[in-house]
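Below is one structure, written out as structure tokens; comments come after it.
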2 protein chains.
Amino acid sequence: MERIMLRIEYDGTYFAGFQVQVNQRTVQLEIEKALKKMHQSDVRIHSSGRTDSGVHALDQVIHFDTALQLDEPTWKHALTTLLPKDIRVKSAQKVTAQFHARKDSTRKTYRYIVLNQKEHDPFRRNYEWHIPHSVDVERMKEAAELIKGTHDFTAFAASKTNVKGDKIRTIERIEVQKQDNRIYFDVTGDGFLTHMVRIIVGTLIHIGLGKKDKACIQEAFGTLDRRVLGLTAPGYGLYLKQVDYE
Amino acid sequence: MERIMLRIEYDGTYFAGFQVQVNQRTVQLEIEKALKKMHQSDVRIHSSGRTDSGVHALDQVIHFDTALQLDEPTWKHALTTLLPKDIRVKSAQKVTAQFHARKDSTRKTYRYIVLNQKEHDPFRRNYEWHIPHSVDVERMKEAAELIKGTHDFTAFAASKTNVKGDKIRTIERIEVQKQDNRIYFDVTGDGFLTHMVRIIVGTLIHIGLGKKDKACIQEAFGTLDRRVLGLTAPGYGLYLKQVDYE
């Protein structure tokens, strides 16, 4: 048996998320269907972590075990042929039997894109969150600084989260950049809770719109109360941008 | 009664084209539904010309007559609220009762986008035609020159076309530009037959791939035979880019 690691990209619009769900089109199902065709038996894949419905990935990592003896270019070519066009295999690599897509990941970066102009953009409606009002980017940058570091992010997690164990995470980097009419939020951390990036972005946007003060962030770390923060930004503006390993 | 002209933009992906068709989602239907809500009676709209299923518009013009007395910003705002997000109203303008969106149009420009690289782009699959093989842009530019001017474009029309009258049209401008991994075809003319731009692009691409020689273009003008040309490029790479009036 060999273990194969794939780096993939996908447009999340027509998936109910990465993880298999009954009667839903998911990224995992599409890849497992393709692998089943190649193996004539079920193949389970493991990802670096799931993405929600509508959320995109520029870099997602999965691994699976196989008895097929194919070289890396052949894996990439075969899967490219079998997979639907809203998924792209960036690379296929043979890894050791000890490699694990989720457990070995040291850091992930998410990107969130906001379209900040009066007019909406029909072509980008599933790829950016349209905020038609004026947003104070400097205020958001200041607030973002408070999120950096190691904190208990309980308040930044969806209440329905089933994440076990502590909710302490380290945000190594968080950048807010405006380019023309887009605002890009880049968040790098050692782990993320359910909806964490979307709640961070929703909160920063509320602060940028003047609806909240950055003090709500410290309050959130202190009280662990979801309700002191902003709303959860929609999934279609979110991209899993990079997954790092040692 | 007043006549209103709208300039609109739409992502053609989830429309069966502009023109109303039974049991299909169309741009015309969506706009007429919105206008019906505002008027409490049926309103017919007239466009500069129809676009096919999947074809996009960066600039499409329509007109309709109304008894409602609203100013231009109110027309734009009300329709923006009522229309689905894959349509955008760029502007609303009061015009004379003699204005006609189709008959008064002097010239139209279409843009076609080809993604020319080995890897497909999941995010652009409904917006660009992916050609993974090497394309000779210089050969295409030379061939494009032959298309310019006034010709009988019968061979460049879908055989099923119901265009009446002569098929003589004037292509005022045709440009082929490569930027990074995209090739942009811009075609400006005084009128277009069914699938004309897509057949022009499909033919130029065949010439660029070395599958055909530019001589097929002169042959097409001489024989008026569709079969000497290349295939019809897919609709999702096509954009109605600009509609001009005096």
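Around NE2 of A/His39, the count of heavy atoms belonging to other residues, nucleotides or ligands within 6.0 Å exceeds 12. Annotation for A/Asp71: atom CG counts as buried by contact number, over 12 foreign heavy atoms lying within 6.0 Å. Environment of NZ in B/Lys36: sparse, with no more than 12 heavy atoms of neighbouring residues, nucleotides or ligands closer than 6.0 Å. With a 6.0 Å radius and a threshold of 12 heavy atoms from other residues, nucleotides or ligands, A/Lys211 has its NZ atom at or below the threshold. With a 6.0 Å radius and a threshold of 12 heavy atoms from other residues, nucleotides or ligands, B/Lys37 has its NZ atom at or below the threshold.
Within the 4.5 angstrom heavy-atom criterion, only side-chain atoms of B/Leu58, from C-beta onward, approach chain A.
Among the residues in residues 2-24 of chain A, those with a non-hydrogen atom closer than 4.5 angstrom to a non-hydrogen atom of chain B are A/Glu9, A/Tyr10, A/Asp11, A/Tyr14. When the heavy atoms of residues 102-135 of chain A are compared with those of chain B, the residues falling under 4.5 Å are A/Glu119, A/His120, A/Pro122, A/Phe123, A/Arg125, A/Tyr127, listed by number.
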